Amino acid sequence: MSSVTYREACRQALRDALQRDPRVFLMGEDVGRYGGCFAVSMGLLDEFGPERIRDTPLSESAFVGAGIGAALGGMRPIVEIMTVNFSLLALDQILNNAATLLHMSGGQCNVPLVIRMATGGGRQVGAQHSHSLEGWYAHIPGLRILTPATVEDARGMLWPALEDPDPVLIFEHASLYGASAELSDDAGPVDLTRAALRRPGSDVTLVAYGGTVRVALEAAEALASQGIDAEVIDLRTLRPLDDETIVHSVRRTHRAVIVDEAWRSGSISAEIAARIMELAFFDLDEPVARVCSAEVPMPYARQLEDAALPSAPDVVAAAQRVCHG
Amino acid sequence: MSSVTYREACRQALRDALQRDPRVFLMGEDVGRYGGCFAVSMGLLDEFGPERIRDTPLSESAFVGAGIGAALGGMRPIVEIMTVNFSLLALDQILNNAATLLHMSGGQCNVPLVIRMATGGGRQVGAQHSHSLEGWYAHIPGLRILTPATVEDARGMLWPALEDPDPVLIFEHASLYGASAELSDDAGPVDLTRAALRRPGSDVTLVAYGGTVRVALEAAEALASQGIDAEVIDLRTLRPLDDETIVHSVRRTHRAVIVDEAWRSGSISAEIAARIMELAFFDLDEPVARVCSAEVPMPYARQLEDAALPSAPDVVAAAQRVCHG
Amino acid sequence: MSTSVHDEALALLRDMVRVRRFEERCVELYSAAKIRGFLHLYVGEEAVAAGVMRALAPDDAVVATYREHGHALLRGVSARSIMAEMYGKLEGCSHGRGGSMHLFDVAHRFYGGNAIVGGGLPVAVGLALAEQMQTTGRVVACFFGEGTVAEGEFHESMNLAALWRLPVVFCCENNLYAMGTALARSESETDIALKASSYEMPAWPVDGMDVLAVRDAARHAVEAVRGGGGPHLLELRTYRFRAHSMYDPDLYRDKAEVARWKERDPIPALIQQAQIAQDDVDGIESDAKAEIDDAVAFAEQGTDEPVADLTRFVTSEIGRT
Amino acid sequence: MSTSVHDEALALLRDMVRVRRFEERCVELYSAAKIRGFLHLYVGEEAVAAGVMRALAPDDAVVATYREHGHALLRGVSARSIMAEMYGKLEGCSHGRGGSMHLFDVAHRFYGGNAIVGGGLPVAVGLALAEQMQTTGRVVACFFGEGTVAEGEFHESMNLAALWRLPVVFCCENNLYAMGTALARSESETDIALKASSYEMPAWPVDGMDVLAVRDAARHAVEAVRGGGGPHLLELRTYRFRAHSMYDPDLYRDKAEVARWKERDPIPALIQQAQIAQDDVDGIESDAKAEIDDAVAFAEQGTDEPVADLTRFVTSEIGRT
Ligand SMILES: Cc1ncc(C[n+]2csc(CCOP(=O)(O)OP(=O)(O)O)c2C)c(N)n1
Ligand SMILES: Cc1ncc(C[n+]2csc(CCOP(=O)(O)OP(=O)(O)O)c2C)c(N)n1
Ligand SMILES: [Mg+2]
Ligand SMILES: [Mg+2]
């Protein structure tokens with residue numbers, strides 16, 4: 001065991017994949033010489049050379065599409081889109097090609113592509129650089145959407161993503177890169193199919209993912225001191241959703257609060273709320289509550305950004321409401 | 001009164017706007033010489049000339065962005081994106097500029113832009129040409145999302161959209177263009193703020209929009225013959241949603257079925273279900289049901305496409321389930 | 001003319017006639033509602049696909065657009081499986097899921113059938129990257145129309161391919177119109193080959209109504225690309241004799257212009273140029289007819305995929321390949 | 001040198017010094033955590049904005065990037081309101097909502113502050129379309145870096161502007177790097193001015209370290225554009241002396257390369273070339289310092305917007321304008 005940052009865990013996962021499979025390569029803006037916008041790929045260019053650590057021009061659509069083509073052609077590309085904010089420029093390739101080719105070709109053209117990107121707000125970088133769109137991407141059939149919230153998942157999700165014959169998007173919350181945790185030296189692939197119980201509890205289920213897991217955990221601690229025993233579920237995978245784990249928990253707690261950094265309307269929190277209602281309506285004592293970001297482009301000013309993002313006190317308040325009516 | 005097609009109503013609305021306001025112009029692919037991909041703008045080039053009916057190159061991002069700039073510069077552009085399927089190429093401009101400039105500039109740069117596009121499936125045009133993404137777009141703060149389902153709304157929504165100081169997206173369901181209805185000769189602007197009750201009923205609320213309104217109405221007829229009196233709400237505007245009309249209905253019927261042509265997970269049907277739960281949980285006798293498209297890129301084969309889309313029998317079955325448990 | 005040259009001309013004629021007759025049959029079948037959805041025909045442009053395909057090796061890859069029946073057919077995808085696809089049958093080359101715009105056949109390295117204008121270019125670049133990284137010596141041919149040149153993806157793809165010296169031949173089918181939009185109303189500079197200089201990419205215009213010229217140009221380009229010369233762009237100047245699609249009333253072109261181009265029909269042009277005997281033409285015609293009749297019969301007997309299988313092919317059924 | 005020429009040199013020096021000192025103060029304030037988020041500095045590139053802005057009329061429009069403090073300042077946006085913006089205060093030019101990357105001031109026709117690479121170009125094209133349609137005779141200046149040239153939006157915007165002969169001057173600030181990516185590793189053809197020929201657009205390279213050369217080139221281009229000559233592209237060859245942003249460890253450039261470019265610092269270069277007296281320089285420096293001190297004091301006393309107002313500016317508060 002040693003203490004490892006989320007950033008280092010991402011890098012270890014990349015290194016491991018590059019070592020294990022000669023078909024794997026990394027491409028994206030500034031992944032090489034610069035070392036990655038968030039220093040995730042620092043050192044990999046020296047280790048693996050420019051053929052496998054490829055700096056691309058600023059051409060999101062072309063290099064994401066090139067990742068799709070390379071995947072069709074027998075490689076196992078990892079494409080880094082610097083941040084989710086720029087991924088809209090490549091969305092046509094992601095939706096109309098990556099997610100669709102298998103189907104349009106009647107099962108012939110699977111696309112074993114992994115796309116990584118940083119996501120999320122909280123760093124005062126303003127309205128064009130603070131999007132949380134991973135739940136939005138989860139609308140698209142044919143994609144798998146991963147949101148590692150822990151160092152272990154940052155380390156372990158990449159390899160199974162590469163083993164998936166279909167396209168996988170990995171969203172790394174930018175505010176997590178500096179977080180550290182103990183990681184076993186032989187840490188490796190993790191299961192992608194199940195949500196994780198990050199904290200057991202019996203009074204209310206807090207459902208979170210990516211950047212909001214720690215918000216939920218912090219809220220759970222605060223709630224504990226008020227005598228409310230909250231269970232915290234980390235979704236881990238936003239598509240396909242692990243309904244079973246969620247419903248299993250809600251059947252016991254009878255109450256749920258979803259914590260989602262996306263804008264509220266049309267966020268994945270709505271899908272989760274709808275599913276809980278569909279699958280466990282008569283188990284619910286109260287309507288499912290949602291704590292999301294305010295529906296506003298992210299303001300620069302600190303106090304406004306803080307207010308826009310879901311916070312532990314917001315979650316505590318919501319949990320209190322569903323617990324005490 | 002005269003019988004008018006949805007297509008003609010769209011054209012009348014365009015003509016009217018072009019006549020009323022010299023700042024209004026239409027631009028997009030093949031809106032001029034070709035007369036519009038769906039013949040909506042047929043004849044307008046002759047009437048208004050190439051300055052105001054502008055054929056653009058195939059450059060979705062540039063001409064949508066140009067619409068934003070022209071709006072900032074004092075014009076009132078109507079940008080036609082031929083179909084929603086190609087709008088992904090312009091999504092960065094829509095999200096990061098059109099929807100965001102007002103906020104980033106602290107209220108200075110409002111963007112009075114209208115973007116029209118055809119949407120929806122059902123014409124056997126396959127996986128890249130059958131998207132239903134209007135509900136997905138409704139996630140974005142700063143946009144108003146309109147989905148005219150009737151000839152009257154096709155005629156009446158454009159002008160108030162142009163009067164809106166902020167960006168408005170109008171989604172015209174491609175399968176509606178040929179539909180006709182009686183329209184008063186002096187038909188004009190309609191209110192955008194409220195959903196419409198298309199059929200009153202007392203047993204169950206069917207919530208629909210755009211292309212699914214007629215599916216819901218057809219289902220309501222079938223249900224009537226089975227003794228189930230369904231109310232049909234046409235949302236008309238997907239952002240902002242008119243919660244009040246929905247909740248008001250559900251408070252009376254205690255049951256709801258949402259009919260949405262989008263892929264189920266993360267569709268706006270989830271948002272509506274979540275809101276109903278949040279606002280009227282204790283009025284519900286049964287969980288809100290959703291009838292959506294299958295989560296599959298649209299197949300070409302007729303029987304598969306039919307099966308993928310929400311149909312009246314699907315809605316009837318769902319309504320029966322929520323009514324009879 | 002030597003025998004081998006004559007034989008090749010015959011083969012090219014056969015290619016073009018097969019496509020022409022296939023397309024014409026599609027029109028009939030569309031009218032009969034056997035084929036549905038969008039249908040984009042290649043009539044008039046056959047020399048382009050015929051000439052380019054001859055220059056490719058069997059394991060080279062092809063990426064095409066929604067106007068790709070001819071490309072698929074000449075790539076070796078069977079008329080049967082193409083026709084069955086347009087019928088939406090299980091026996092179709094895309095399992096009936098794709099339709100006219102989405103023909104795929106990985107066995108022939110035919111990667112679609114892309115119906116987003118420009119969407120195929122980055123994919124072709126990526127396929128070429130895979131070839132380069134695996135040092136296969138293979139080449140990728142990527143077809144698209146002149147209207148596509150205005151799209152950002154054209155620009156990004158050209159640059160990326162040239163920057164990394166990837167083995168792609170970009171084949172721009174300049175038929176002068178993008179739906180109803182004439183080239184001069186979509187490009188400030190209408191010389192498409194010239195645009196390649198922005199990427200330091202070799203490019204030249206080719207008479208796309210002359211199948212021998214297309215073949216020669218394509219051979220030259222493919223050889224250069226295969227030899228490590230980096231990507232090339234061919235501007236193939238051609239014309240579509242029919243409307244953009246079955247929905248298009250074709251009101252934006254001068255009838256005289258269409259007539260002028262029809263005088264340059266690549267099929268009679270080749271017959272004349274290569275002095276192909278009427279007997280040979282007749283044989284090719286009847287072979288084509290037989291092949292297409294057979295394809296239609298095959299499609300007619302095709303299977304409708306059961307609705308229970310609707311959600312197949314959203315994710316892979318097999319594990320990692 | 002005539003008095004008026006000397007006066008203009010003094011004015012240009014003043015412009016560059018104001019920007020230089022402003023940027024340097026920003027560094028300090030960033031270290032003191034007064035400014036947060038991303039911060040992209042213009043140090044070394046001042047001659048570009050200084051030269052171009054002098055060529056514009058007050059009612060011409062400007063679109064810039066996230067590296068736009070200098071452009072805003074020289075456009076006439078007050079140092080106070082820019083600094084207050086970086087402090088996130090209500091008195092900022094974007095109400096504290098935008099920050100360093102999103103400076104806006106419609107009164108000065110300064111349309112941002114766009115932080116998506118390439119995202120400002122289509123907007124500039126649209127502003128120019130509005131000018132053209134309203135026959136205002138105004139011009140739009142659009143700034144962006146050389147890395148942006150690889151984006152599809154560059155290509156689409158150039159073509160659209162040229163096709164419609166819109167009054168835009170595209171000002172490409174070629175500082176040789178896009179974050180850590182050198183031009184030669186992002187463009188197969190590194191001659192940026194040459195790319196304009198794909199659009200039949202006039203373009204030429206300019207020494208971006210020589211403020212007089214920039215001003216002359218910009219005047220020439222702006223006049224031509226205003227006269228109906230259609231859009232122009234200027235490739236302004238410059239260099240950033242500092243890292244890409246405050247987060248950038250700047251490991252990808254050779255120290256010697258940076259040092260070589262610093263020898264071409266546009267500020268001492270102008271002082272020498274225009275033989276500006278030390279007294280004048282001292283005056284300009286102390287004015288700049290006073291202006292910036294005042295701006296900082298103003299920002300320090302700025303108001304934090306109440307959290308209750310969070311959801312303002314999502315939709316307009318006023319009706320149709
Ligand atoms: C991104 C996108 N925009 C618009 C369309 C609609 N559309 C289909 S084909 C076409 C014309 C394309 O012209 P060109 O590239 O010249 O090819 P051609 O059809 O002439 O072979 C258009 C506009 C589309 N499919 N994709
Ligand atoms: C579409 C997009 N991709 C990536 C980024 C991240 N990014 C911000 S600035 C920058 C470099 C831009 O280089 P250039 O255009 O040369 O301008 P410079 O910073 O040198 O002034 C990058 C990659 C972004 N903001 N937008
Ligand atoms: Mg064409
Ligand atoms: Mg640069």
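Naming: A, B, ... by sequence-line order, numbering from 1 per chain. Fair warning: this is a prediction, and the values are worked out from it, not measured in the lab.
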Please check if any side-chain donor atom of D/S316 sits under 3.5 Å from a side-chain acceptor atom of B/D166, or the reverse. yes
Counting only heavy atoms not in [X], do more than 12 sit closer than 6.0 Å to its [atom1] atom?
| X | atom1 | value |
| --- | --- | --- |
| D/R226 | CZ | yes |
| B/E47 | CD | yes |
| B/H248 | NE2 | no |

Top contributor to chain D interface from B/G73, B/P77, B/A62, B/P141 [non-hydrogen pairs under 4.5 Å]: B/A62
Hey, which of B/L72, B/V111, B/I68, B/V64 has the most heavy atom pairs under 4.5 Å with chain D? B/L72
Taking the side chain as everything from C-beta on, heavy atoms only, tell me whether [X] gets closer than 4.5 Å to [Y].
| X | Y | answer |
| --- | --- | --- |
| B/R54 | D/L129 | yes |
| D/N114 | B/N97 | yes |
| D/R97 | B/M104 | no |
| B/Q93 | D/P122 | yes |
| B/T56 | D/W164 | yes |
| D/N159 | B/P57 | yes |

Tell me, out of [options], who's got the most heavy-atom pairs with chain B below 4.5 Å.
| options | answer |
| --- | --- |
| D/T136, D/V125, D/V106 | D/V106 |
| D/A130, D/A61, D/S94 | D/S94 |
| D/L90, D/L121, D/L166, D/D105 | D/D105 |

At a 4.5 Å cut-off on heavy atoms, which part of [X] comes close to chain B: side chain, backbone, both, or neither?
| X | value |
| --- | --- |
| D/R138 | neither |
| D/L163 | side chain |
| D/E131 | neither |

Using side-chain hydrogen bond (donor to acceptor under 3.5 Å, both in side chains), reason through B/S61 and D/E153 one step at a time and then give a plain yes or no. CA-CA 7 Å; B/S61 198; D/E153 289 192 316; 2.4 Å; yes
At what distance, to the nearest 0.5 angstrom, does CG of B/N110 lie from CD of D/E317? 11.0 Å
Can you tell me how far the OG atom of B/S105 sits from the NE2 atom of D/H95, to the nearest 0.5 Å? 10.0 Å
So does D/G119 get a backbone contact from the side chain of B/N96, meaning a donor-acceptor N/O pair under 3.5 Å? no
Using only atom types and a distance under 3.5 Å, with no angle test, would you say the side chain of B/Q108 pairs donor to acceptor with the backbone of D/F104? yes
Ignoring hydrogens, what is the shortest heavy-atom contact between [X] and [Y]? Give both atom names and the distance.
| X | Y | answer |
| --- | --- | --- |
| B/H103 | D/R312 | CD2-O, 3.5 Å |
| D/M133 | B/E51 | CE-O, 3.2 Å |
| D/Y111 | B/C109 | CD2-SG, 4.1 Å |

